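Below: one structure, written as structure tokens.
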Protein chains: 2
Amino acid sequence: MTIQTKTPVAGIAGSDDPTLYGRIAGDLRQEIAEGKHAVGGRLPTEAALCERYGASRYTVREALRELIDLGLIERRQGAGSKVIADKPRTSYINSMRTLSEFSQYAQDTFFDIRDVTMVRLSEEIAPMISAPPRSMWLRISGIRLNAERNDAICHTAVHVHTRFAPLLEDVKGSKGPIYAIIEERSGEVIAEATQEITAKPMPAWCAPELGVKPGSPAMCFVRRYLDESGGIMLASINWHPAERSSYVTTIRRGDWHP
Amino acid sequence: MTIQTKTPVAGIAGSDDPTLYGRIAGDLRQEIAEGKHAVGGRLPTEAALCERYGASRYTVREALRELIDLGLIERRQGAGSKVIADKPRTSYINSMRTLSEFSQYAQDTFFDIRDVTMVRLSEEIAPMISAPPRSMWLRISGIRLNAERNDAICHTAVHVHTRFAPLLEDVKGSKGPIYAIIEERSGEVIAEATQEITAKPMPAWCAPELGVKPGSPAMCFVRRYLDESGGIMLASINWHPAERSSYVTTIRRGDWHP
DNA sequence: TTTGCATTGTTGTCCAGACAAATTGGGAGA
DNA sequence: TCTCCCAATTTGTCTGGACAACAATGCAAA
């Protein structure tokens with residue numbers, strides 16, 4: 001006869017949990033970690049677990065809820081509990097409340113618009129915003145200034161899909177980021193945004209406006225705002241003198257729930 | 001007599017929710033958004049809500065659970081429900097399952113360690129990693145190569161807190177990112193990481209190793225890995241030739257799971 | 001064979017009640 | 001006045017039951 005030594009999986013509250021649903025959840029986590037319930041397979045039904053532990057449905061459901069929050073199982077009415085992972089997700093997240101926290105400069109800055117025109121994309125910038133060359137876009141370009149309006153932060157060229165052009169007739173006098181105006185007036189929602197950062201020498205055509213020498217170190221931020229189907233709603237190209245800017249992101253370990 | 005037009009707050013499922021707890025949660029979200037329950041204040045007790053809606057405690061608690069998940073309230077046994085925010089926690093999230101997705105180059109690359117020494121931080125790099133000048137750190141420096149080991153990606157200098165130095169005696173022969181080794185061997189967990197990106201001319205002392213000219217455009221990535229109490233566990237300084245690298249981040253509208 | 005339907009199993013929603021545990025506030029005693 | 005303790009309030013845990021909604025399965029009919 002062999003004595004089975006239970007080696008509890010690290011981080012799983014075992015039989016010391018004061019609550020019954022905590023212990024049930026711990027047991028199930030252990031069983032999933034051990035492979036007793038394979039990923040893709042099914043967990044016992046609520047009724048079966050009720051009988052096994054002599055617990056009420058409430059208690060069992062509370063335990064299963066914990067496994068859902070850990071990302072271990074998925075439940076569908078009528079179907080059952082499917083095991084979708086054998087270890088809890090430890091996700092590192094960088095969450096932001098608003099889109100403007102993505103582009104760090106949106107708050108407390110002023111966009112001095114100097115030009116609004118329909119343009120045909122050159123071979124050079126079309127790939128930057130992932131649009132077909134020679135397609136037409138509304139370009140809104142200018143200089144972003146600090147709140148006191150005495151210092152230039154960057155040169156910005158926003159390219160907006162032509163279907164939004166009628167909404168932006170008065171863009172020069174408006175406040176706030178352009179994507180917000182489009183979201184508000186069109187009712188369309190930005191589903192995804194990407195940002196690409198590259199270091200390049202400052203181009204000659206915008207160096208004077210920023211008061212730096214052409215060829216000096218610079219960072220180019222390209223932000224693309226996409227709709228639900230992945231189409232580009234607008235994209236902005238931003239040139240920052242290097243000595244005035246750095247880009248910081250923070251992520252935190254999330255043991256949480258979404 | 002004025003007709004009060006109820007303008008539902010965007011994104012809140014209103015009276016069309018088929019479930020009772022969903023409608024209760026919607027009402028409460030609306031009231032919080034409107035400021036009827038101020039941040040820092042208290043929500044009505046479960047008993048009060050039960051009476052107001054003629055619902056059972058189960059139903060009311062289910063509604064309150066939704067507000068907890070949204071990060072709007074906080075509950076403590078015996079105390080009550082405190083309002084801690086007036087809008088849901090995150091609209092846009094950039095989530096990653098692992099830390100290595102943060103530094104995009106960790107996968108499929110090889111870290112060719114060329115030097116491991118205890119160093120005293122200079123006045124120049126101490127502020128880069130937010131450490132006191134002249135403090136002692138273990139510096140592990142070298143070149144990160146692509147998977148085929150025929151092309152240099154960047155120059156990396158990892159500064160590790162001295163308390164981990166004994167764990168890294170054999171670091172030269174080990175695989176995987178250094179923070180992972182430290183997490184595994186020390187048991188300490190990285191709670192937060194920050195990354196700072198700046199554009200600067202390539203320094204002369206690492207230009208030759210990367211095969212580029214000193215002063216050419218470059219990006220400097222500084223990553224800091226912090227423990228629970230905010231102390232720096234390790235920090236890395238990475239110099240990338242600009243023409244070989246760009247940094248991309250994507251965020252999604254996140255109403256739910258990552 | 002394929003389509004449609006009914007049956008059965010499973011989870012979702014909801015109720016009423018009970019006791020436990022934590023917090024809070026006020027009153028009695030030092 | 002200050003401290004300690006008790007009692008009321010409030011949320012946490014748990015039971016038992018009921019019906020609804022959805023999914024899967026097998027059977028019957030086309």
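By convention in this document, chain letters (A, B, ...) are assigned in the order of the sequence lines, proteins followed by strands, and residues within each chain are numbered from 1. As the structure is a computational prediction, the values presented were derived from the model and not from experiment. Every heavy atom of this structure was used, including side-chain atoms; hydrogens, water molecules and symmetry mates were not.
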*asked:* Please check: side-chain N/O of B:Ser186 versus main-chain N/O of B:Ile182, any donor-acceptor pairing under 3.5 Å?
replied: yes
Min and max contacting nt of DNA chain C in 5' to 3' order, chain B heavy atoms within under 4.0 angstrom, are C:dT13 to C:dT24
To the nearest angstrom, the CG-C1' distance between B:Leu64 and D:dT10 comes to 12 Å
I'd like to know whether A:Asp69 forms a salt bridge (Lys or Arg N to Asp or Glu O under 4.0 Å) with A:Arg75, so could you lay out the CA-CA distance, the side-chain angles of the two residues, the decisive distance to 0.1 Å, and finally the verdict.
CA-CA 11 Å; A:Asp69 288 343; A:Arg75 282 156 65 74; over 6 Å; no
Note: for A:Glu62 and A:Arg76 on DNA chain D, the residue whose nearest nucleotide lies more 5' is A:Glu62
Tightest non-hydrogen contact, residues A:Asp86 and A:Leu72, listed as C-CD2, 4.0 Å
field: Note: B:Glu66-B:Arg23 ion pair, threshold 4.0 Å (strictly below)
entry: no
Applying salt bridge (Lys or Arg N to Asp or Glu O under 4.0 Å) to A:Asp227 and not counting sequence neighbours gives A:Arg163
task: Check for a donor-acceptor pair, side chain of A:Asn238 on one end and backbone N or O of A:Phe221 on the other, with a separation under 3.5 Å.
output: yes
Using a cut-off of 4.0 Å on non-hydrogen atoms, how would the nucleic acid contact of B:Arg61 be classed: base, sugar-phosphate, or nothing?
base
Heavy atoms of A:Phe164 and A:Glu188 approach each other most closely as CE2-OE2, 3.5 Å
Task: Check: B:Tyr247/B:Gln195 side-chain N/O donor and acceptor closer than 3.5 Å - done: yes
Separation of D:dT10 atom C1' from B:Glu51 atom CD, nearest Å, is 15 Å
Going 5' to 3' through nucleotides 14-21 of chain D and flagging B where a protein heavy-atom sits under 4.0 Å of the base, S where only the sugar-phosphate is that close, and - otherwise, we get BB--B--B
